[in-house]
Amino acid sequence: MNPDIVKERQNATFNVEKLTNILDGSPEKTRRRREIESMVLNDPDFQEQDPNFLSRSERYDQAVRKSAQMILKLREFGISDPDEIYYYKNCVHPDRPEPLDLHLGMFLPTLLNQATPEQMDRFFTPAWNLQIIGTYAQTEMGHGWWRCSQRASCSATTPTVLPALTSEDWRPQATFDPATQEFVLNSPTISSIKWWPGGLGKTSNHAIVLAQLHTQGNCHGLHAFIVPIRDMDTHVPLPGIVVGDIGPKFGFSEVDNGFLKLENVRIPLDNMLMKYAKVEPDGTYVKPPSAKLTYGTMVFIRSMIVGQSALALAKSCTIAIRYSAVRHQSELKPGEPEPQILNFQTQQHKLFPVLATAYAFTFVGQYMKQTYNRISGDIHEGDYSGLPELHALSAGLKAFTTWAANGAIEVCRMSCGGHGYSRSSALPDIYVEFTPTCTYEGENTVMMLQTARYLLKSYSQARGGQQLQGSVSYLSRLQPQPVSAGVPPLNIQDLASLVQVYQLRAANLVELAATSIQQELQLRHSQEDAWNSSAIDLVRASDAGLLSVPQALQVSAHIKELLIQLRPNAVALVDAFDLNDKKLNSVLGRYDGNVYEHLFEWARHSPLNASEVPPALTIIVIIKHNQLIGSFFPRSTSLSTST
Ligand SMILES: CCCCCCCC/C=C\CCCCCCCCCCCCCCCC(=O)SCCNC(=O)CCNC(=O)[C@H](O)C(C)(C)COP(=O)(O)OP(=O)(O)OC[C@H]1O[C@@H](n2cnc3c(N)ncnc32)[C@H](O)[C@@H]1OP(=O)(O)O
Ligand SMILES: Cc1cc2nc3c(=O)[nH]c(=O)nc-3n(C[C@H](O)[C@H](O)[C@H](O)COP(=O)(O)OP(=O)(O)OC[C@H]3O[C@@H](n4cnc5c(N)ncnc54)[C@H](O)[C@@H]3O)c2cc1C
């Protein structure tokens with residue numbers, strides 16, 4: 001054990017295990033988490049080659065092998081609780097998305113939420129047993145955006161005359177044919193090819209495809225269809241299905257994100273997910289109680305991503321803080337030993353706010369999950385009243401937490417200096433695997449605008465005298481104040497006072513956006529144009545002049561004081577996240593702090609070190625020995641004179 005890190009733990013002033021129990025929810029939950037962890041981490045079937053040293057195809061193959069093992073083991077150990085599956089999965093594929101993610105995270109939940117009992121038997125049971133492997137195909141090459149409700153522009157016919165149609169018509173279509181009781185699915189244009197779905201490229205044999213429903217000459221907007229895409233025995237693509245992998249990406253190397261072009265693909269009537277919307281055998285369309293229910297799985301994953309932001313931060317700051325405790329640089333005072341870099345105030349100022357955010361997001365993630373479970377329970381019982389708040393909360397928190405975490409991971413990486421750039425630190429991987437959360441499940445700006453839409457509606461209800469409940473109740477309580485009204489009193493030591501100032505700031509920002517829309521409306525005469533011209537106000541949380549200069553100075557002094565208070569407990573606070581070394585997989589973030597010897601050992605595994613003279617270099621050796629030169633260049637231009 002590195003002596004610096006031992007000293008850090010000796011100096012801690014609280015019981016780490018107790019804090020771990022609080023983070024997990026209870027001592028029993030900690031025990032069970034560790035039990036699952038050791039099932040995976042000590043299982044030889046899950047041993048792997050370091051993916052850093054593998055090609056993309058090898059990474060995919062290794063991930064598929066481990067995922068298949070995972071399914072067998074989950075069955076063997078009888079693990080069926082979604083939380084436990086999720087945890088098990090995260091130990092099998094630490095930090096890395098994998099080919100079955102969409103099957104587990106979106107295909108199965110969409111069936112649970114939108115399939116009829118008959119469809120549950122036909123699809124969910126075989127999918128649970130992994131006979132059916134599914135994905136969720138919403139995004140197209142030309143559009144990530146869909147409308148959840150029917151629009152006048154949605155054409156009933158296959159587009160032939162361009163000017164009469166809008167972009168809505170150039171989307172995948174599912175047209176009901178009553179003669180055969182089938183839907184006919186088509187991708188009418190290149191841009192309507194499904195693009196991005198995880199596991200689509202090679203792994204899945206079914207896809208939930210989102211397409212425009214056409215029946216009896218009418219278009220009814222976006223609906224979900226279960227489309228078999230590969231033969232269940234041979235895994236060969238079925239007729240009319242053009243499918244494949246979209247190629248290498250920034251990260252997601254283990255995942256076969258794919259494309260799907262539908263060419264007159266016929267599926268039976270009862271392959272449309274019909275728990276809510278229905279099509280009768282004669283083609284009659286039965287409306288769902290809410291068109292927004294089609295988007296339920298996205299709300300589920302958005303809620304889950306909030307917790308993923310916390311985990312990414314916990315990992316990143318564990319690595320950076322442990323490393324900063326064992327790394328020494330630059331004498332502070334001449335002649336004295338070099339200090340741990342964690343003693344530099346600037347290093348603390350980079351890392352301690354990340355640590356605090358990791359804790360805050362952990363609790364926000366738990367709150368988001370509870371809220372999702374409560375409101376989706378109500379929806380299951382037929383009460384849809386909580387849906388707008390759930391949508392606004394999950395969209396806004398997904399965007400806010402992923403943006404914050406995305407920046408903070410980079411702060412952690414850079415705070416490790418050069419070694420943070422090495423893949424051995426794990427920080428580059430954490431970043432590339434996490435950063436698409438800002439984009440997928442709804443691009444963050446678009447999600448913020450959805451939340452803003454809800455806030456503006458709530459604001460106008462509050463101004464109309466309604467007493468609002470839940471997360472927007474502050475809009476009823478607080479009167480937004482113009483900047484000229486002065487600075488509100490603030491006690492920065494008092495959390496309640498801080499919350500009140502945040503609420504006032506939020507109310508002011510909503511008011512600002514509402515005013516901007518009203519002003520733009522006078523100029524532009526269209527609600528949509530006024531909305532777009534106010535979009536920056538809607539999204540950006542500006543400073544709003546809420547703190548006076550003396551208050552801002554007070555905050556700054558208080559932050560410095562807090563850095564000093566936190567310093568002795570920094571390592572213990574990251575230890576409390578209880579991230580097992582094998583799961584963290586970072587040379588810099590090792591629990592024992594023995595960084596340098598392991599950094600050296602890791603480098604020796606680099607494939608470039610497999611031979612002392614890599615084959616490509618033999619050409620240089622030959623050139624050096626002047627053997628080739630003569631055949632390509634006249635003697636007078638020879639490059640080498642040394643031999
Ligand atoms: C569920 C139970 C779970 C049990 C599971 C059991 C089995 C599993 C076992 C274990 C689980 C193990 C887990 C494994 C974990 C795996 C990890 C998973 C990793 C996942 C990797 C993810 C990869 C990414 C996948 C994707 O990206 S899928 C594609 C996502 N695409 C999007 O998000 C597109 C974003 N676009 C939109 O959402 C919409 O286009 C839009 C932007 C909202 C615009 O839509 P529209 O034009 O219709 O909107 P408006 O006109 O603006 O609005 C109309 C009104 O509707 C409201 N609205 C919009 N959306 C919603 C919604 N979702 N809900 C409610 N209301 C909504 C909107 O506010 C408007 O309201 P109004 O009142 O103002 O009219
Ligand atoms: C790693 C990864 C995995 C994915 N997996 C899946 C999957 O399994 N299944 C699936 O269906 N999809 C998947 N996707 C696709 C993903 O859901 C979309 O990329 C995402 O919804 C964003 O849509 P887009 O790419 O069309 O972005 P765009 O909407 O084109 O966004 C581009 C820019 O335009 C801006 N913009 C767009 N609309 C507006 C607006 N109304 N107002 C203001 N600004 C706007 C955005 O803010 C952004 O800056 C995946 C994507 C990635 C990166």
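Counting starts at 1 for both ligands and their atoms, in listed order.
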With atoms numbered from 1 as shown, which atoms in ligand 1 lie under 4.0 angstrom from a non-hydrogen atom of Val446?
42 (C)
Salt bridge (Lys or Arg N to Asp or Glu O under 4.0 Å) between Arg33 and Glu37, intermediate numbers included
CA-CA 6 Å; Arg33 179 176 57 72; Glu37 209 164 77; 3.5 Å; yes
4.0 Å heavy-atom contact, Gly198 with ligand 1
no
Contact partition for Leu112 relative to ligand 1, non-hydrogen atoms under 4.0 Å:
side chain
Closest heavy-atom approach to atom 37 (C) of ligand 2 among Asn532, Val209, Thr437, Val446 is made by Val446
For ligand 2, is any non-hydrogen atom under 4.0 Å from Phe252's backbone (N, CA, C, O), its side chain (CB onward), both, or neither?
side chain
Among Ile132, Leu273, Val209, Ile267, side-chain contact (heavy atoms from CB on, under 4.5 Å) partner for Ile226:
Leu273
Shortest protein contact, atom 32 (C) of ligand 2 (heavy atom only):
Glu443 CG, 5.0 Å
Got the closest protein heavy atom to atom 20 (C) of ligand 2, with its distance?
Thr439 O, 3.2 Å
Can you tell which part of Asn444 has a heavy atom less than 4.0 Å from ligand 2: side chain, backbone, both or neither?
neither
Is it the side chain, the backbone, both or neither of Leu102 that has a heavy atom closer than 4.0 Å to ligand 2?
side chain
If you count the atoms of ligand 2 from 1 in the order shown, which ones are under 4.0 Å from a heavy atom of Leu449?
42 (N), 43 (C)
Check whether any heavy atom of Met304 sits under 4.0 Å from an atom of ligand 1.
yes
To atom 67 (C) of ligand 1, the nearest of Arg453, Lys398, Glu389, His391 on a heavy-atom basis is His391
Only heavy atoms of Gly198, strictly under 4.0 Å: list the atoms of ligand 2 that pass.
7 (C), 8 (O)
Minimum non-hydrogen distance to atom 50 (C) of ligand 2, winning option of Trp196, Phe250, Trp195:
Trp196
What do we get for Asn113 next to ligand 1 when only non-hydrogen atoms under 4.0 Å count, side chain, backbone, both or neither?
side chain
Show which atoms of ligand 2 fall inside a sub-4.0 Å distance from at least one heavy-atom site of Thr445.
47 (O)
Does the protein place any heavy atom closer than 4.0 Å to atom 29 (O) of ligand 2?
no
Under 4.0 Å from a heavy atom of Asp101: give me the atoms of ligand 1 that qualify, with their elements.
16 (C)
Contact check, Glu441 vs ligand 2, heavy-atom distance below 4.0 Å:
yes
From the candidates Gln138, Arg302, Gln450, the one that places a heavy atom nearest atom 38 (O) of ligand 1
Arg302
Would you check the N or O atoms of Lys457, main chain and side chain alike, for any that come under 3.5 Å of an N or O of ligand 1?
yes
Mind running salt bridge (Lys or Arg N to Asp or Glu O under 4.0 Å) on Asp578 and Arg34 for me, showing each step along the way?
CA-CA 9 Å; Asp578 198 24; Arg34 287 182 183 150; 2.8 Å; yes
Test salt bridge (Lys or Arg N to Asp or Glu O under 4.0 Å) applied to Arg32 and Asp83, step by step
CA-CA 11 Å; Arg32 179 62 179 154; Asp83 282 343; over 6 Å; no
I need the nearest protein heavy-atom contact for atom 23 (O) of ligand 2: residue, atom name and distance, please.
Gly144 CA, 3.6 Å
Would you say atom 26 (O) of ligand 2 has a protein heavy atom nearer than 4.0 Å?
yes
Parallel, tilted or perpendicular for Tyr372 and Phe300, by the 30°/60° rule?
tilted
For Gly442, the ligand 1 atoms with a heavy-atom partner under 4.0 Å come out as 32 (C), 33 (O), 35 (C)
Closest protein heavy atom (residue, atom, distance) for atom 2 (C) of ligand 2
Tyr440 CD2, 3.6 Å
Is it the side chain (CB and beyond), the backbone, both or neither of Glu441 that lies under 4.0 Å from ligand 1, heavy atoms counted?
both
What are the atoms of ligand 1, with element, lying closer than 4.0 Å to any heavy atom of Leu104?
8 (C), 11 (C), 14 (C)
Can a donor-acceptor pair be found between the side chains of Asn444 and Thr402 at a distance below 3.5 Å?
yes
Is the backbone N or O of Ser471 less than 3.5 Å from a side-chain atom of Glu389, with the two atoms forming a donor-acceptor pair by type?
yes
Any protein heavy atom < 4.0 Å from atom 14 (N) of ligand 2
yes
Within reach of ligand 1, part of Tyr372 (heavy-atom separation under 4.0 Å)
side chain
Please list, in number order, the atoms of ligand 2 under 4.0 Å from a heavy atom of Thr139.
10 (C), 11 (O), 12 (N), 13 (C), 14 (N), 15 (C), 16 (C), 17 (O), 18 (C)
Any Lys/Arg nitrogen of Lys66 or Glu254 sitting under 4.0 Å from an Asp/Glu carboxylate oxygen of the other?
no
Of Thr297, Leu104, Ile301, the one forming a side-chain contact (heavy atoms from CB on, under 4.5 Å) with Pro109 is Thr297
Looking at non-hydrogen atoms alone, which of Gly258, Gly105, Pro436, Pro197 comes nearest to atom 7 (C) of ligand 2?
Pro197
Closest approach of any protein heavy atom to atom 41 (N) of ligand 2, naming residue and atom:
Trp145 CZ3, 3.7 Å
Under 4.0 Å to a heavy atom of Gly144 - the qualifying atoms of ligand 1, by number:
34 (C)
Could you check whether atom 11 (O) of ligand 2 has a protein contact, counting only heavy atoms that fall below 4.0 angstrom?
yes
Quick test of your reading of the structure: of Lys292, Glu84, His380, whose heavy atom lies closest to atom 55 (C) of ligand 1?
Lys292
Per-atom contact, atom 35 (C) of ligand 2, protein heavy atoms, under 4.0 angstrom
no
Counting each atom of ligand 1 from 1 as listed, which ones have a heavy atom of Phe300 under 4.0 Å away?
3 (C)
Does the side chain of Asn271 reach to within under 4.5 Å of the side chain of Pro228, using non-hydrogen atoms?
yes
Under 4.0 Å from a heavy atom of Tyr136: give me the atoms of ligand 2 that qualify, with their elements.
7 (C), 8 (O), 9 (N), 10 (C), 11 (O)
Taking only heavy atoms of Met298 into account, list the atoms of ligand 1 that are under 4.0 Å away from them.
30 (C), 31 (N), 32 (C), 33 (O)
